[in-house]
Amino acid sequence: MARAGLTTERLVRAGAELADEVGFDQVTVSALARRFDVKVASLYSHLKNSQDLKTRIALLALEELADRAADALAGRAGKDALVAFADVYRDYARAHPGRYAAARHPLGPEAAAARAGGRHAQMTRAILRGYDLAEPGQTHAVRLLGSVFHGYVSLETAGGFSHSAPDSQESWTRILDALDSLLRDWPTG
């Protein structure tokens with residue numbers, strides 16, 4: 001029997017908060033049970049196991065990111081859209097490090113496609129249409145943007161740029177300028 005007040009959604013949100021506090025890798029059903037001061041068994045009517053919990057947190061994070069990106073992209077095109085999109089990822093990672101890590105959690109194709117994963121790809125491709133990129137260049141550019149955004153954010157949040165000048169914001173701005181320039185002059189062939 002499910003414990004009163006506990007729902008799958010409430011547990012997933014609490015798991016996401018826990019991920020932000022202690023790191024996504026540390027999130028387990030046992031840790032979540034301790035947070036609610038309940039026995040682990042009482043959570044199994046809502047969650048299959050820790051992997052199920054992590055998958056649900058990943059889907060929540062992807063949904064949150066997609067919603068923020070959609071709001072940021074509204075009415076923007078070209079470089080403005082590129083910068084807004086990139087800033088959403090960077091800001092989200094800074095505010096929610098555990099959830100951002102969760103968004104990188106491997107998902108099965110069905111789970112990723114049925115939820116926000118597809119929205120992210122669609123928004124990225126919409127930005128790239130503003131640069132008039134056709135396939136296969138568009139796919140290569142999607143991969144480039146994801147790699148640059150994730151790589152920079154991962155290094156920055158790990159403290160990789162805190163030891164030297166210039167400020168990481170200046171580098172971020174220059175990187176986005178360089179990406180805009182590259183996308184405008186994308187190599188063909």
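Positions are given from 1, in the same order as the sequence printed here.
- Between Thr28 and Leu32, the closest side-chain pair of non-hydrogen atoms is not below 4.5 Å.
- Judged by distance alone, the side chain of Asp20 and the main-chain N or O of Gly98 form a donor-acceptor pair under 3.5 Å.
- Using a 4.5 Å heavy-atom threshold, the side chains of Asp87 and Leu176 count as touching.
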So Ser168 and Tyr152, side-chain contact (heavy atoms from CB on, under 4.5 Å) or not? Walk me through it. CA-CA 10 Å; Ser168 65; Tyr152 193 90; 3.4 Å; yes

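- Nearest heavy atoms, Ile57 versus Ala16: CD1-N, 3.8 Å.
- A salt bridge links Lys79 with Asp177: the distance from a Lys NZ or Arg NE/NH1/NH2 to an Asp or Glu carboxylate oxygen falls below 4.0 Å.
- The minimum heavy-atom distance between Val153 and Arg90, with the atom names listed, is CG2-CA, 3.7 Å.
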Could you please spell out the steps behind the side-chain contact (heavy atoms from CB on, under 4.5 Å) verdict for Glu156 and Arg94? CA-CA 9 Å; Glu156 183 180 42; Arg94 289 168 149 181; 3.2 Å; yes

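- For the residue pair Pro166 and Glu170, the shortest heavy atom distance occurs at CB-OE1, 3.4 Å.
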Are Arg56 and Gln51 close enough, and set up right, to give a side-chain hydrogen bond (donor to acceptor under 3.5 Å, both in side chains), and what steps lead you there? CA-CA 9 Å; Arg56 289 172 185 270; Gln51 183 61 34; over 6 Å; no

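- At a threshold of 4.5 Å between non-hydrogen side-chain atoms, the residues Gln138 and Arg129 count as touching.
- Asp180 is linked by a salt bridge (charged side-chain N to carboxylate O under 4.0 Å, His left out) to Arg184, counting only residues two or more places apart in sequence or in another chain.
- Nearest heavy-atom pair across Val88 and Ala69 is CG1-N, 3.8 Å.
- By the criterion of side-chain heavy atoms lying less than 4.5 angstrom apart, applied directly or through intervening Ile, Leu, Val, Met, Phe, Trp or Tyr residues, Met123 is not grouped with Leu60; the two fall into different hydrophobic clusters.
- By the 4.5 Å heavy-atom criterion applied to side chains, Leu128 and Trp186 are not counted as neighbours.
- When all heavy atoms of Arg119 and Ala70 are compared, the pair lying nearest together is NH2-CB, 4.0 Å.
- How far OG of Ser45 is from CG of Leu11: 8.5 Å, rounded to the nearest 0.5 Å.
- The environment of CZ in Arg104 is crowded: more than 12 heavy-atom neighbours from other residues, nucleotides or ligands sit within 6.0 Å.
- Between Arg99 and Glu63 no salt bridge is recorded (no basic side-chain N to carboxylate O distance below 4.0 Å).
- Under a cut-off of 6.0 angstrom, the local environment of CG in Asp132 is sparse, with at most 12 non-hydrogen atoms contributed by other residues, nucleotides or ligands.
- Checked against salt bridge (charged side-chain N to carboxylate O under 4.0 Å, His left out), Arg125 has the following partners two or more places apart in sequence or in another chain: Glu135.
- A heavy-atom distance below 4.5 Å is not found between the side chains of Leu53 and Leu43.
- Between the CZ atom of Phe149 and the CG atom of Leu144 there is a distance of 8.5 Å, given to the nearest 0.5 Å.
- Looking only at side-chain heavy atoms (C-beta outward), Val27 and Ser50 stay at 4.5 Å or farther from each other.
- Checking side-chain atoms of His120 against main-chain N and O of Leu62 turns up a donor-acceptor pair under 3.5 Å.
- The two residues Ala103 and Leu65 make their nearest non-hydrogen contact at CB-CD1, 4.0 Å.
- In this pair, Phe24 and His105 present their aromatic rings perpendicular. The plane angle is above 60°, beyond the 30 to 60° band.
- Arg76 contributes a side-chain N or O that, together with a main-chain N or O of Ala72, makes up a donor-acceptor pair within less than 3.5 Å.
- Looking only at distances, a side-chain donor or acceptor of His46 sits under 3.5 Å from a matching main-chain atom of Leu6.
- When side chains are defined from C-beta on, Leu183 counts as touching Leu145, because their heavy atoms get closer than 4.5 Å.
- The side-chain heavy atoms of Tyr131 and Leu182, taken from C-beta on, include no pair separated by under 4.5 Å.
- Separation of atoms CZ (Arg68) and NE2 (His96) is listed at 4.5 Å; rounding is to 0.5 Å.
- A salt bridge links Arg13 to Glu9: at least one charged side-chain nitrogen sits closer than 4.0 Å to a carboxylate oxygen.
- Formation of a donor-acceptor pair under 3.5 Å by the Arg10 side chain with backbone atoms of Gly5 is found in this model.
- Between Tyr89 and Tyr100, the two ring planes are perpendicular [angle over 60°; tilted spans 30° to 60°].
- Remark: side-chain polar atoms of Ser162 are paired, donor with acceptor, to backbone N or O of Gly159 under 3.5 angstrom.
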